[in-house]
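Let me begin by presenting the structure, written as structure tokens, before commenting on it.
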Amino acid sequence: MKPILQLNETMRTKVQSLESECERICKKLVNEYNHTFSQLGVTLNIELVRTRKHFEVSQDQLFSKDYHSFIEIGIEKNNEYFTNSVVSIWKCKEEWFNLVGFITENTAEKIEQNIREIIQEMIHDLKESY
């Protein structure tokens with residue numbers, strides 16, 4: 001994660017754009033792999049989550065202390081949810097009485113590639129335990 005000291009409108013737009021792109025990637029990958037996971041008896045969940053102190057919040061709070069956006073990848077089986085991986089996108093923390101942002105150094109394409117690799121590992125693990 002790369003530290004960002006200048007929390008301005010340019011950075012806000014960049015983070016909002018990246019989060020929106022991540023939401024699109026999540027939907028695309030769920031649609032692409034949903035059938036495969038269904039055949040293995042589980043439901044795939046990939047979503048962008050925005051939290052602040054462990055509560056879900058809206059994107060307009062991205063410059064608030066303790067804001068964290070991340071992609072959560074997991075499965076649901078027998079009404080139980082299991083988180084497999086979390087991919088951080090943006091964090092905003094207070095350090096020395098100043099707000100500092102931390103943004104992933106990965107491009108949207110690299111994030112998608114990483115998620116695909118996680119999904120392939122999940123499929124492999126599920127097939128072994130089947």
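Start at 1 with the first residue, then count along the sequence. Heavy atoms only: backbone and side chains are in, while hydrogens, waters and symmetry mates are out.
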Kindly determine whether Met1 and Ile103 satisfy side-chain contact (heavy atoms from CB on, under 4.5 Å), including the steps that lead there.
CA-CA 5 Å; Met1 301 285 284; Ile103 192 164; 5.7 Å; no

All side-chain hydrogen bond (donor to acceptor under 3.5 Å, both in side chains) counterparts of Gln6, not counting sequence neighbours
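Once residues adjacent in sequence are excluded, Gln6 has no partner under the side-chain hydrogen bond (donor to acceptor under 3.5 Å, both in side chains) criterion.
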
Suppose we screen for side-chain hydrogen bond (donor to acceptor under 3.5 Å, both in side chains). Which residues come up paired with Gln120, at least two apart in sequence or across chains?
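Partners of Gln120 under the side-chain hydrogen bond (donor to acceptor under 3.5 Å, both in side chains) test: Tyr33.
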
How long is the straight-line distance from [atom2] of [Y] back to [atom1] of [X], given to the nearest 0.5 Å?
| X | Y | atom1 | atom2 | value |
| --- | --- | --- | --- | --- |
| Cys92 | Met11 | SG | CE | 11.0 Å |
| Glu121 | Asn84 | CD | CG | 8.0 Å |
| Asn34 | Ile46 | CG | CD1 | 9.0 Å |
| Glu21 | Lys28 | CD | NZ | 8.5 Å |
| Asn114 | Ile71 | CG | CD1 | 9.5 Å |
| Met122 | Ile73 | CE | CD1 | 7.5 Å |

Both conditions, 6.0 Å and 45 degrees, for the charged tip of Arg50 above the ring of Tyr67: are they met here?
no

Evaluate the side-chain proximity of [Y] to [X]: yes if any heavy-atom separation is below 4.5 Å, no if none is.
| X | Y | answer |
| --- | --- | --- |
| Val15 | Ile89 | no |
| Ile119 | Thr36 | no |
| Gln59 | Ser69 | no |
| Lys93 | Leu99 | no |

Sub-3.5 Å donor-acceptor pair from the side chain of [X] to the main-chain atoms of [Y], do we have one?
| X | Y | value |
| --- | --- | --- |
| Trp90 | Leu62 | yes |
| Thr83 | Ser85 | no |
| Arg52 | His68 | no |
| Ser17 | Thr13 | no |

Search all heavy atoms of [X] against all heavy atoms of [Y] and return the closest pair with its distance.
| X | Y | answer |
| --- | --- | --- |
| Asp60 | Arg12 | O-NH1, 3.8 Å |
| Cys22 | Leu48 | CB-CD1, 4.2 Å |
| Leu44 | Leu29 | CD2-O, 4.3 Å |

Transitive ILVMFWY side-chain link Val87 to Phe70, under 4.5 Å:
no

Joint cluster assignment, Ile111 & Ile118, ILVMFWY side-chain distance < 4.5 Å
yes

Can you name the side-chain contact (heavy atoms from CB on, under 4.5 Å) partners of [X], sequence neighbours left out?
| X | value |
| --- | --- |
| Glu105 | Lys2 |
| Thr10 | Asn8 |
| Phe82 | Ile75, Lys77, Glu80 |

Ion pair check, Glu47 and Lys27, cut-off under 4.0 Å
no

Side-chain donor-acceptor contact under 3.5 Å, Thr51 with Glu56
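No pair is found: no donor N or O on one side chain lies under 3.5 Å from an acceptor on the other.
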
Assess the residue pair Leu5 and Val100 against the criterion (side-chain contact (heavy atoms from CB on, under 4.5 Å)); give the C-alpha distance rounded to whole Å, side-chain angles, the decisive distance to 0.1 Å, and a yes or no.
CA-CA 5 Å; Leu5 303 176; Val100 178; 3.9 Å; yes

Before we go on, tell me: are the rings of His35 and Phe37 under 6.0 Å apart, centre to centre?
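Between Phe37 and His35, which both carry aromatic rings, the centre distance is not below 6.0 Å.
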
Does anything in residues 30-44 pair up under salt bridge (Lys or Arg N to Asp or Glu O under 4.0 Å), and if so which pairs, sequence neighbours excluded?
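Qualifying pairs: Glu32-Arg116.
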
